[in-house]
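Scroll down for the structure; my scribbles are underneath it.
First listed ligand is number 1; within each ligand, the first listed atom is number 1. Owing to the predicted nature of the structure, the values given are computational and were not obtained by experimental measurement.
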Amino acid sequence: MIELLIEIYKSLINHMDSATTHADLIIRAKELLIPIQTIHNASIMNAVGACGLQLYNFGQTISIPFFTDNWRPDSFYDRIKENRNLGLHTLCLLDIKVKEQSIENLARGRKIYEFPRYMTINQAIMQLLEIEENRKQNAYTSETLAIGIARLGSLTEQIIKAGTLNQLLSEDFGPPLHSLIIVGNRMHILEADYIKYFVADKNKFDEIVKRDYKI
Ligand SMILES: C[S@@+](CC[C@H](N)C(=O)[O-])C[C@H]1O[C@@H](n2cnc3c(N)ncnc32)[C@H](O)[C@@H]1O
């Protein structure tokens, strides 16, 4: 019970009702008859509006896990495709590996943990392009408009950059945390006007807006 209370306490530092983790904690607390008071807070799920895309126009959020040599999951590709078909943007949350044990240490019961790893926007784009290359259903291409966000909310270190997936691939976003947004295939003119502030290559951006969004 103490452990659950600590988990709930820790989870108060983000938006309490936004994800499976939170629902799980609340259900478990209710089962144990622990009284709960929810204090709503900021979350990437709504702070993402800082990139200029309107929250109304986001579809399903996805999480992109690190590929390994023999585990390259791609089920989230279908979610991106569904969102894009409806003209909606996709917020991609990127994998975090902290307190992970190697198979060997796990097998031997050694409490030795691997160095923490945080997926970068560049790694996420590489994985996404590999998946498109395999699936070939045009959910997106290297020319699709996207927005990379790093350390959102930090007064001095926040970075927001918009461009094609290909353009963002070579950008340096610095230390974690990173998120990626794949822009839907419908965009309001106000969204386009806002995003322009985060674009390095304005000519290319205008070209894409004209070509893909007819605005
Ligand atoms: C498992 S999710 C948890 C999100 C958290 N519960 C929340 O609601 O903000 C963690 C992922 O959210 C994204 N994220 C959280 N905070 C962020 C920030 N300040 N800037 C950019 N991405 C962020 C990153 O992709 C990170 O890997």
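Note on I96: it does not cluster hydrophobically with I121, by side-chain heavy-atom contacts below 4.5 Å among ILVMFWY residues.
To the nearest 0.5 Å, atom CD1 of residue I182 and atom SG of residue C92 are 4.0 Å apart.
Every atom of ligand 1 is numbered from 1 in the order shown, and the set under 4.0 Å from a heavy atom of L93 is 12 (O), 13 (C), 25 (O). Here is the list of ligand 1 atoms found below 4.0 Å of a heavy atom in H178: 22 (N), 24 (C), 25 (O).
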Pair F198, F205 - check ring-ring contact (aromatic ring centres under 6.0 Å, His included), show working.
CA-CA 10 Å; F198 305 122; F205 179 74; over 10 Å; no
Could you go through R117 and E100, starting from their C-alpha distance and side-chain angles, then the distance that decides it, and tell me whether this counts as salt bridge (charged side-chain N to carboxylate O under 4.0 Å, His left out)?
CA-CA 9 Å; R117 289 192 298 146; E100 292 278 317; over 6 Å; no
Determine, step by step, whether H89 and E191 satisfy the side-chain hydrogen bond (donor to acceptor under 3.5 Å, both in side chains) criterion, reporting the C-alpha distance in whole Å, the side-chain angles of both residues, the deciding distance to 0.1 Å, and the verdict.
CA-CA 11 Å; H89 316 308; E191 294 180 307; 3.2 Å; yes
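For ligand 1, the polar-atom distance check against I44 finds a nitrogen or oxygen pair separated by under 3.5 Å. Considering backbone and side-chain atoms alike, L152 places an N or O below 3.5 Å from some N or O of ligand 1. Ligand 1 has an N or O atom lying under 3.5 Å from an N or O atom of L94, backbone or side chain.
Neither the backbone nor the side chain of M119 comes within contact range of ligand 1; no heavy atom lies under 4.0 Å.
When the options S179, A50, A124, S43 are ranked by their closest heavy atom to atom 14 (N) of ligand 1, first place goes to S179.
A cation-pi geometry, defined here as NZ or CZ lying under 6.0 Å from the six-membered ring centre and within 45° of its normal, does not hold between K97 and F66.
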